[in-house]
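Structure first, then comments.
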2 protein chains.
Amino acid sequence: MKTTPYHHGALKEGLLAAAETILQRDGLAALTLRAAAREAGVSHAAPAHHFGDLSGLLSELAAEGFRRFGAQLKSATQATDSRRWDGARAYLAFATENPALFQLMFRSDRLDPTNPSLQEARMQALGLLAGASETPVDHPTVEQLGKILGGWALIHGFTMLQLDGRLKGLLRIAPEGTTTDALLEAMLATADRNELAPAKVARDA
Amino acid sequence: MKTTPYHHGALKEGLLAAAETILQRDGLAALTLRAAAREAGVSHAAPAHHFGDLSGLLSELAAEGFRRFGAQLKSATQATDSRRWDGARAYLAFATENPALFQLMFRSDRLDPTNPSLQEARMQALGLLAGASETPVDHPTVEQLGKILGGWALIHGFTMLQLDGRLKGLLRIAPEGTTTDALLEAMLATADRNELAPAKVARDA
DNA sequence: CATCCTATCTTTACATCGTAAAGATATAGG
DNA sequence: CCTATATCTTTACGATGTAAAGATAGGATG
């Protein structure tokens, strides 16, 4: 009769799985050390042994997120029939499918900046973006960095505005039935036509 | 001898001022109802009477932030000698000068979405951006929205990446002495030259 | 095989937080 | 003057992160 063995065996993985369940089901705010322990069926102080503190658990989870993120970016852009901006589309798709996880990944205040696992996974995933220009370089010029940043900031900004609910206002005044994806395509088309509107405030506003 | 009058007189304003002090000094994580009460010199339960709950206080603070944000955007773009992208520069400048406040303003999970004060201030400030294209419209086409979104997402993404510390990695491989502002200018120049790099992952990454 | 060491997990404890409820106090209106 | 009401305090409760000490099991060592 093996009720609840004192030694879990793979508690660290179990806690990570439990944490991800909570993240998807109840959101980032509900993801606490004690909630993860409950979900995994262990005492509330068990996680501390494996992750040190809350930021440790969150950082491991974010690291896992960056690994999956990087993999999806890669497969989206390296497909034989991949189109221009497919990386950006994959960027938004990942955030839409994993909103709480994406928020966690880019919320530096809840993560441990010294966590090696997180640092490596993040460099791996975001390094892909840095290599997005035609000629990946170790010592890029400021112009090359501007180019990389342009594409990154454009899709990251769109994604954050979407996650924060800031696009709902635009969708309300948009033509009937306009979707978020349609807005994305319109934005990308605008970028390709070189018609990005600077944030210039109308005089009569 | 007027030690601590029972009735503060202007406690709501006092609490907002105290909250902003904490926000600037200790960051968003340290801004709690009890901390604001301590800073204002009242009992820990006093704020509840004026703001209902924590999201109420934070929403009022965010509303005030949006008012100032809108004012700075306006003055930056309506100056007689204003240049292209000056709105974007003001956008980043505000976030750099008020990092915690900016985070709060765009962190929908900590705000009360029904707060009228917040709703109005946000519409006022962000409506300016929606009127950024040459011809402000009530029923814009998807193409017009794409144009507006392009400029907004570009500077918002840059700003968020900067606040989350994500640009530090780029600055490390950038030419010696490159500043965040230099990166911004490089990105804007890239956008004007229509050379935004799509997030296309290098094959060898 | 017996023993001890150590990693793993539990229990207990404490400070802090948000929030609700009830009590105290001052202001305003009749 | 006197009372109704808004304002603020006190008290209380459950939840959280985290530290510290205790219990347990597994493995190494003799």
Side-chain angles (χ1 to χ4, degrees), chain A residues 1-19 21-23 25-62 100 104 107 109-115, chain B residues 1-19 21-23 25-62 100 104 107 109-115:
Chain A
M1 172 169 166
K2 197 183 180 191
T3 52
T4 50
Y6 209 96
H7 280 47
H8 185 285
L11 183 53
K12 189 167 187 179
E13 291 74 16
L15 283 170
L16 283 175
T21 298
I22 295 170
L23 198 58
R25 190 186 54 203
D26 310 316
L28 181 53
L31 178 48
T32 67
L33 278 182
R34 291 171 109 107
R38 272 194 301 272
E39 183 79 21
V42 292
S43 86
H44 71 265
H49 186 73
H50 293 280
F51 301 102
D53 59 1
L54 179 57
S55 74
L57 170 60
L58 298 182
S59 296
E60 295 282 351
L61 213 55
L104 173 63
R107 209 105 134 189
D109 49 323
R110 308 205 59 181
L111 303 177
D112 175 12
T114 72
N115 185 294
Chain B
M1 173 170 168
K2 198 182 180 190
T3 51
T4 50
Y6 209 97
H7 280 47
H8 185 285
L11 183 53
K12 190 166 186 181
E13 292 74 17
L15 283 169
L16 283 174
T21 299
I22 295 170
L23 198 57
R25 189 186 53 204
D26 310 317
L28 181 53
L31 178 47
T32 67
L33 278 181
R34 293 171 108 106
R38 270 194 302 271
E39 184 79 20
V42 292
S43 86
H44 71 264
H49 185 71
H50 294 279
F51 300 103
D53 60 0
L54 179 57
S55 74
L57 170 59
L58 297 182
S59 296
E60 294 282 351
L61 213 56
L104 173 62
R107 209 103 130 191
D109 50 324
R110 307 205 57 182
L111 302 177
D112 174 13
T114 73
N115 185 293

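A, B, ... follow the sequence lines: proteins, then strands. Residue 1 opens every chain. Predicted, not measured: the structure shown is a model, and the values here were computed from it.
Residue contacts for Ala45(B): at a heavy-atom cut-off of 4.0 Å it reaches a base atom on one of the strands shown. Across all strands shown, Ala48(B) has no heavy atoms under 4.0 Å from either base or sugar-phosphate atoms. Residue His50(A) is in sugar-phosphate contact alone, with no base atom involved, counting any heavy-atom pair closer than 4.0 Å across all strands shown.
Checked for salt-bridge contact, Arg25(B) and Glu39(B) meet the test: a charged N lies under 4.0 Å from a carboxylate O.
One atom, NZ of Lys12(B), and another, C1' of dT7(D), lie 13 Å apart when rounded to the nearest Å. The CG atom of Leu33(A) sits 14 Å away from the P atom of dT10(C) (whole-angstrom rounding). For the pair Arg34(B) CZ and dT19(C) P, the computed distance is 11 Å after rounding to whole Å. Rounded to whole angstrom, the span from the CG atom of Asp112(B) across to the P atom of dT19(C) amounts to 11 Å. Between the P atom of dA15(C) and the CG atom of Asp53(A) lies a distance of 20 Å, rounded to the nearest Å. Between His49(A) atom NE2 and dA20(D) atom P there is a gap of 16 Å when expressed in whole angstrom units. The separation between Leu54(B) atom CG and dA15(D) atom P is 19 Å, rounded to whole Å. Taking atom CG of residue Leu15(A) and atom C1' of nucleotide dG17(D), one finds them 15 Å apart after rounding to whole Å.
A 4.5 Å side-chain heavy-atom check between Thr21(B) and Asp26(B) finds every atom pair outside the cut-off. Looking only at side-chain heavy atoms (C-beta outward), Asp112(A) and Leu58(A) stay at 4.5 Å or farther from each other. Between Ile22(A) and Thr32(A) the shortest side-chain heavy-atom distance does not fall below 4.5 Å.
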* To do: Check step by step if side-chain contact (heavy atoms from CB on, under 4.5 Å) holds for Leu57(B) and His50(B).
  => CA-CA 8 Å; Leu57(B) 170 59; His50(B) 294 279; over 6 Å; no
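Distances shorter than 4.0 Å separate some side-chain N or O of Arg38(B) from OP1 or OP2 on dC17(C). For the OP1/OP2 pair of dC17(C) and a distance below 4.0 Å, the side-chain nitrogens and oxygens of Thr32(B) include at least one atom meeting the criterion.
Side-chain atoms of His44(B) come within donor-acceptor range of the base of dT19(C), with a qualifying N/O pair under 3.5 Å.
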